[in-house]
2 protein chains.
Amino acid sequence: MAQPDTVTRILDTAEVLFAERGFAETSLRNITSKAKVNLAAVNYHFGSKKSLIQAVFSRYLDPFTTRFHAALDELEAKHRQDGSEIPLEELLETMARTVLEVPAERNSLKVFMRLLGLAYSQAQGHLRRYIQDEYGSVFTRFTELVRRATPELPDAERFWRLHFVLGTVIFTLSGLDALRDIAEQDYHEHVTVRDLVRRLRPVVVSAMQAPLPEPPVQEAS
Amino acid sequence: MAQPDTVTRILDTAEVLFAERGFAETSLRNITSKAKVNLAAVNYHFGSKKSLIQAVFSRYLDPFTTRFHAALDELEAKHRQDGSEIPLEELLETMARTVLEVPAERNSLKVFMRLLGLAYSQAQGHLRRYIQDEYGSVFTRFTELVRRATPELPDAERFWRLHFVLGTVIFTLSGLDALRDIAEQDYHEHVTVRDLVRRLRPVVVSAMQAPLPEPPVQEAS
DNA sequence: ACCACATTCAAACAATTGTTTCCAACCTTG
DNA sequence: CAAGGTTGGAAACAATTGTTTGAATGTGGT
């Protein structure tokens, strides 16, 4: 579509600024001046600010979905041989590994997670729709595998618990910088992302396997 | 400070719009036109948009902290009599109950949670600082009680787990509308906030009581 | 009735936003 | 070397932003 230089320099700068300050708070002039490209370059190469935002996401999500599908293929093939179901831990492990792999190639996991967090919290209706349309299928596949790994859970319960842990991960990793400062100050330990994933593992597994809630209390009607 | 009408009408409208669309995406003209007040009224009564945002938060957080302190007083008094420690479940229960009580007086829990989520995710440095300064003490008190309820947890581990569950709650409840749509469509059940809290309870307790993570692997250095 | 004050209002302010325009520079192709 | 389409750049565009102004209106006290 275009030279590697200008386009990627815009993307590299945009993703950092978006992650730091959000979409609405980051102007095209912020991006272009820091990237040392002309203001018009964004509209020329991407068409609009919306498209730029989507492009920033694609650069992370495209490799992620590709790798994640491949990893799930591998996992399914392995367990098809011995006929066993894929255990929940292995599914979560695979997802975590894939998430960690992707941003290694580019900026940082922090940016990736922060972007995901923004995609949820910022209104940006077009973004949620875009992500849902483009990348919903891999999530559907994953949840189906989780379903087979946790047959004791009612469907609705599993749905909610998956979003509970999704919230934990995105919230923690996207707010990592602020939390890391506090943790370092209070407990004098330097926290890496891998540390956090290590801490998250048992928590997430326990959360998914928690006892079922009491049945809903019947309101007097 | 002023008539009940204009000021509260601005606050009522602002909190809804902020919750729906975020701070930067909501203009003062959006607020004032929907609230049917003059544009200048915001700057007249609140001084600036920043102050309006803080005022919106105060209206939720002030009653919350008051009630929460009172509830913790009561809880401590009760357990000081029989000399027992406050169990974790009771602490979490108290917090949940207080969170549910506050917005009953006003708009909705959804708005409250969505605002909290925005406070974290939107950059808005001034907001985080404001919340930290004004309401940090009650959180400190709560974490200290949690510490006594979970003596087996290392301090750093407890710190992180508290933020894990904080992420779960804020993320889920602030994105409730979108998730509810999906859940209703897929599982044909109408989800209320109280349902969600009921589902959250065992998950949060299990998360806090999960086994400790493996010690960090030592990198070859 | 009058005054002092608080509040409301319409209008304008300067600043910033995303986007477009038009021209110069460039590189590839004949 | 020349032609032509592609990419870069400075400036201007219209729209929207938060904020301020100054006059009009309302309100309560003496």
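Note on naming: letters A, B, ... go to the chains in the order of the sequence lines (proteins, then strands), and numbering restarts at 1 for each one. Computed over heavy atoms, backbone and side chain alike; hydrogens, waters and symmetry mates excluded.
- A salt bridge links B:Glu15 with B:Arg59: at least one charged nitrogen is closer than 4.0 Å to a carboxylate oxygen.
- Taking the side chain to side chain contact (heavy atoms under 4.5 Å, CB included) definition, one finds that B:Val37 meets it with B:Thr6, B:Arg9, B:Ile10, B:Thr32, B:Ala35, B:Ala41, sequence neighbours left out.
- Under the salt bridge (charged side-chain N to carboxylate O under 4.0 Å, His left out) criterion, the residue pairs touching residues 179-191 of chain A are A:Asp177-A:Arg180, A:Glu189-A:Arg199, with sequence neighbours excluded.
- For the pair A:Thr6 and D:dG8, the criterion of a side-chain N or O lying under 4.0 Å from OP1 or OP2 is met.
- Under a 4.0 Å N-O distance rule, the pair A:Arg201/A:Glu93 qualifies as a salt bridge.
- More than 12 heavy atoms of other shown residues, nucleotides or ligands fall within 6.0 angstrom of atom CD in B:Glu76.
- Salt bridge status for A:Arg141 with A:Asp73: present, with a side-chain N to carboxylate O gap under 4.0 Å.
- When base pairs are accepted only as Watson-Crick or G-U wobble with both N-N or N-O distances under 3.5 Å, DNA chain C takes part in stems of 3 or more pairs at C:2-22 with D:9-29, C:24-28 with D:3-7.
- Taking A:Thr143 as the reference, nothing meets the side chain to side chain donor-acceptor pair (under 3.5 Å) condition, with sequence neighbours excluded.
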Whether each nucleotide of nucleotides 17-24 of chain C has a protein heavy atom under 4.0 Å at its base (B), only at its sugar-phosphate (S) or at neither (-) is summarised, 5' to 3', as BBBB----
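- Taking atom NZ of B:Lys36 as the reference point, atom P of C:dA10 lies 14 Å away to the nearest angstrom.
- Residues passing the side chain to side chain contact (heavy atoms under 4.5 Å, CB included) test with A:Glu89 are A:Pro87, A:Val205, A:Gln209, sequence neighbours excluded.
- Across the protein-nucleic acid pair, A:Arg9 atom CZ and D:dT7 atom P stand 15 Å apart, rounded to whole Å.
- In this structure, B:His45 atom NE2 and D:dT19 atom C1' are separated by 15 Å, rounded to whole Å.
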